[in-house]
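Right, one structure below, let's go through it.
Proteins come first, then strands; the chains are lettered A, B, ... in the order of their sequence lines, and each starts at number 1. All values below were derived from every heavy atom in this structure, side-chain atoms included, with hydrogens, water molecules and symmetry-related copies excluded.
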Protein chains: 4
Amino acid sequence: MNKKEKIILSALHLFAKNGFTETSVDTIAKHAKVSKGLTYSHFKNKEDLLRVVIESTITKMTDEMMRFENFSITSLLQNLKMSLIKNKDIIRLSILLLIHPQTPASVIKLLDSQKLELIELFSSLLEAKYNDKAKIEAELLLAIMDGITMDYVLNPDADILENRINYTIIKYV
Amino acid sequence: MNKKEKIILSALHLFAKNGFTETSVDTIAKHAKVSKGLTYSHFKNKEDLLRVVIESTITKMTDEMMRFENFSITSLLQNLKMSLIKNKDIIRLSILLLIHPQTPASVIKLLDSQKLELIELFSSLLEAKYNDKAKIEAELLLAIMDGITMDYVLNPDADILENRINYTIIKYV
Amino acid sequence: MNKKEKIILSALHLFAKNGFTETSVDTIAKHAKVSKGLTYSHFKNKEDLLRVVIESTITKMTDEMMRFENFSITSLLQNLKMSLIKNKDIIRLSILLLIHPQTPASVIKLLDSQKLELIELFSSLLEAKYNDKAKIEAELLLAIMDGITMDYVLNPDADILENRINYTIIKYV
Amino acid sequence: MNKKEKIILSALHLFAKNGFTETSVDTIAKHAKVSKGLTYSHFKNKEDLLRVVIESTITKMTDEMMRFENFSITSLLQNLKMSLIKNKDIIRLSILLLIHPQTPASVIKLLDSQKLELIELFSSLLEAKYNDKAKIEAELLLAIMDGITMDYVLNPDADILENRINYTIIKYV
DNA sequence: TATGAATGAGGTTTCATTCAT
DNA sequence: TATGAATGAAACCTCATTCAT
């Protein structure tokens with residue numbers, strides 16, 4: 001692993017653990033075992049580092065989540081569950097950034113685009129069953145997933161999560 | 001309105017608008033048109049100010065929300081909707097604080113207790129219809145409301161909110 | 001002497017001695033025996049401090065220089081000489097700022113206005129003797145004074161200065 | 001043009017445009033399209049680069065200026081004028097360095113020696129006309145030229161310069 | 001000769017908090 | 001109760017310089 005990647009991983013870890021403003025570049029550098037200066041030769045500034053952190057992790061995560069065995073509500077929700085368990089930190093950080101009023105627009109854009117992708121997916125999957133109600137049903141399903149996600153990142157209990165996702169699957173298929 | 005209240009309102013407004021760490025005590029004092037010193041004679045420190053801000057606004061908001069015409073899912077969700085529209089800032093701030101890793105435990109406790117109250121309410125309202133599934137249904141309904149809330153504070157559109165809440169009411173009654 | 005004045009005097013002294021960029025705010029604060037923070041509560045930033053330093057010293061100096069016994073080339077040049085000896089540091093700093101490519105426009109404006117005042121004065125004094133050549137003669141006289149000034153601040157020798165100013169007076173009256 | 005020369009030219013350009021302290025070695029290297037490392041293999045450090053910049057440009061400039069058609073005040077002043085117009089940047093930089101309190105002694109020495117040469121020249125040219133006053137007249141003439149130079153580099157207007165130099169020539173021959 | 005990753009010291013600025021008045 | 005001058009720690013960022021390749 002090269003030093004730039006080390007910095008990104010350390011930043012992700014610390015931003016998720018302590019928040020963006022609350023994490024100093026110096027702390028990131030020390031955690032990655034590099035100098036502060038090197039951080040600034042790889043990233044224009046702290047905000048740029050955040051952007052790259054989100055960019056590189058979100059894409060990786062989304063790609064993973066979008067690989068299905070068979071294209072269905074069941075496997076989509078199962079994927080979401082797996083991803084949530086595996087990427088809890090990134091996801092918590094993403095929510096934090098979305099809700100934080102001072103998150104740079106470039107980062108918000110990245111996070112929003114991912115959400116749009118998901119709602120499209122839900123819509124097309126619910127079309128057969130709900131016809132003209134498909135869109136609002138998709139929105140509600142996404143709301144459920146958001147609510148479950150929020151609760152899980154705040155209080156991570158895999159059993160509870162499992163339970164809720166399974167129950168949701170049953171309700172929707 | 002006395003000066004202490006002015007400080008609390010300014011703090012609420014600015015914390016919601018810019019975030020806790022991002023709001024300086026000086027900015028709050030200037031916005032409330034008092035001196036920095038006075039702020040520190042009313043509140044032990046910035047964290048204490050936050051606690052009081054949340055304490056005083058959350059209780060007020062919850063009380064309001066819990067006044068029903070008739071005790072039913074419909075009027076509860078309608079109340080939630082009204083409250084969401086009216087108290088968007090406080091609610092956004094509450095979510096921000098809940099998700100933020102460094103929010104003091106005393107504040108988290110306050111916010112959590114409110115959530116517990118709500119889930120109790122949902123449970124008892126859904127018992128008649130869902131029997132032994134009442135608890136998980138209540139959790140899912142809360143998840144829906146959380147998801148809808150998240151989306152609304154990020155992208156406040158009263159029509160969309162109305163639409164979703166109404167559809168949810170229909171689904172559950 | 002209050003602390004703000006102390007900061008201004010220390011800044012003047014150190015800017016003149018070491019240059020603007022080369023003088024750190026920390027050094028100024030230590031020299032003035034105040035904290036760095038106080039400097040920033042009196043002045044918006046380092047550039048603002050420079051502006052105030054120049055503003056307050058230039059006006060004081062100009063006022064002094066413009067007080068004549070009798071309005072004549074002789075007493076004007078004598079005043080210039082006195083001022084030069086007394087305010088060597090400020091004058092050296094002024095030249096440094098004028099010639100430095102990154103001096104803020106606000107500071108340049110202040111310094112320029114002082115020069116314009118001087119050239120007006122020279123012109124009116126030389127009018128009687130030089131008629132339509134008064135303007136260019138005033139410009140040359142100012143050039144002489146600038147040249148003498150430059151040499152004096154670089155190599156301060158009161159006798160040489162005295163000598164040159166006296167010779168110049170003889171040439172022009 | 002080899003890379004070392006490119007570095008020197010870039011440094012001259014940037015030092016003149018932005019000041020010595022304000023120009024980073026990295027900026028110079030990028031402007032010269034070489035690496036930072038190469039700069040440090042040609043020059044011991046940034047100060048050394050400055051010394052070489054001044055050394056190589058000043059000598060070239062002086063040589064040029066000292067080539068006369070006929071040895072007279074007129075042609076000397078004309079040469080000075082030509083040189084001033086052509087080498088405005090170098091000259092502005094030289095003045096900046098002369099006046100700057102932290103310019104390394106080695107650079108100051110170079111710049112001073114050039115001035116001494118000039119005053120010798122003026123003295124010998126004015127001897128015939130001014131006898132024992134030749135030295136002080138030479139000093140004043142140099143002061144005039146310094147003053148005119150200062151004004152020109154701060155506010156470059158070829159017509160004004162022309163006018164002043166011509167008027168000075170008339171006064172002295 | 002040539003590169004640029006890497007370092008670490010130091011500079012500017014902000015801000016929570018205290019305290020004399 | 002009320003003020004704001006004052007402090008000092010800590011944050012972001014730059015840059016001269018070195019060194020492995």
Would you mind reading off the distance between [X] atom [atom1] and [N] atom [atom2], rounded to a whole angstrom?
X: B:Ile7; N: F:dT1; atom1: CD1; atom2: C1'; answer: 11 Å
X: D:His42; N: F:dA16; atom1: NE2; atom2: P; answer: 18 Å
X: A:Leu49; N: F:dC12; atom1: CG; atom2: P; answer: 11 Å
X: A:Lys44; N: F:dC12; atom1: NZ; atom2: C1'; answer: 14 Å
X: C:Leu38; N: E:dT17; atom1: CG; atom2: P; answer: 20 Å
X: B:Leu50; N: E:dT17; atom1: CG; atom2: C1'; answer: 17 Å
X: B:Asp26; N: E:dT14; atom1: CG; atom2: P; answer: 11 Å
X: C:Gln102; N: E:dT12; atom1: CD; atom2: P; answer: 14 Å

Could you pick out which residue, A:Glu22 or C:Lys33, lies toward the 5' side of DNA chain F when each is mapped onto its nearest nucleotide?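 Comparing both residues, the 5'-ward one is C:Lys33.
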First encountered from the 5' end of DNA chain F, between D:Gly37 and A:Lys46: A:Lys46
Which heavy atom of B:Thr23 sits nearest to which heavy atom of B:Lys46, and what is that distance?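 Heavy-atom minimum between the residues: O-NZ, 2.7 Å.
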If the threshold is 4.0 Å, N to carboxylate O, is there a salt bridge linking A:Asp112 and A:Lys109? no
For D:Leu97, which of D:Leu110, D:Val53, D:Ile108, D:Thr103 qualifies under side-chain contact (heavy atoms from CB on, under 4.5 Å)?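 When side-chain contact (heavy atoms from CB on, under 4.5 Å) is applied between D:Leu97 and each of D:Leu110, D:Val53, D:Ile108, D:Thr103, only D:Thr103 qualifies.
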NA contact type, A:Lys36, heavy-atom cut-off 4.0 Å: base, sugar-phosphate, or nothing? base
Residue matched to F:dG8 through Watson-Crick or wobble contacts both under 3.5 angstrom: E:dC15
May I ask which nucleotide in the shown strands pairs with E:dT21, Watson-Crick or G-U wobble, both distances under 3.5 Å?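 Per the H-bond distance test, F:dA2.
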Would you indicate which nucleotide in F:dT7, F:dA16, F:dA2 comes nearest to any side-chain atom of D:Ser24?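 Nearest to the side chain of D:Ser24 among the choices is F:dA16.
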Using the side-chain heavy atoms of A:Lys3, tell me which of these nucleotides is nearest: E:dA16, F:dG8, E:dA6.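 Taking heavy atoms from C-beta onward, the closest nucleotide is E:dA6.
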B:Lys115, NZ: over 12 other non-hydrogen atoms inside 6.0 angstrom: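 Yes, because the 6.0 Å sphere around NZ of B:Lys115 holds more than 12 heavy atoms from other groups.
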Report yes if a side-chain nitrogen or oxygen of A:Tyr40 is closer than 4.0 Å to either non-bridging phosphate oxygen (OP1 or OP2) of F:dT14; otherwise report no. no
Cation-aromatic face contact A:Lys4/A:Phe43, 6.0 Å, 45 degrees: yes
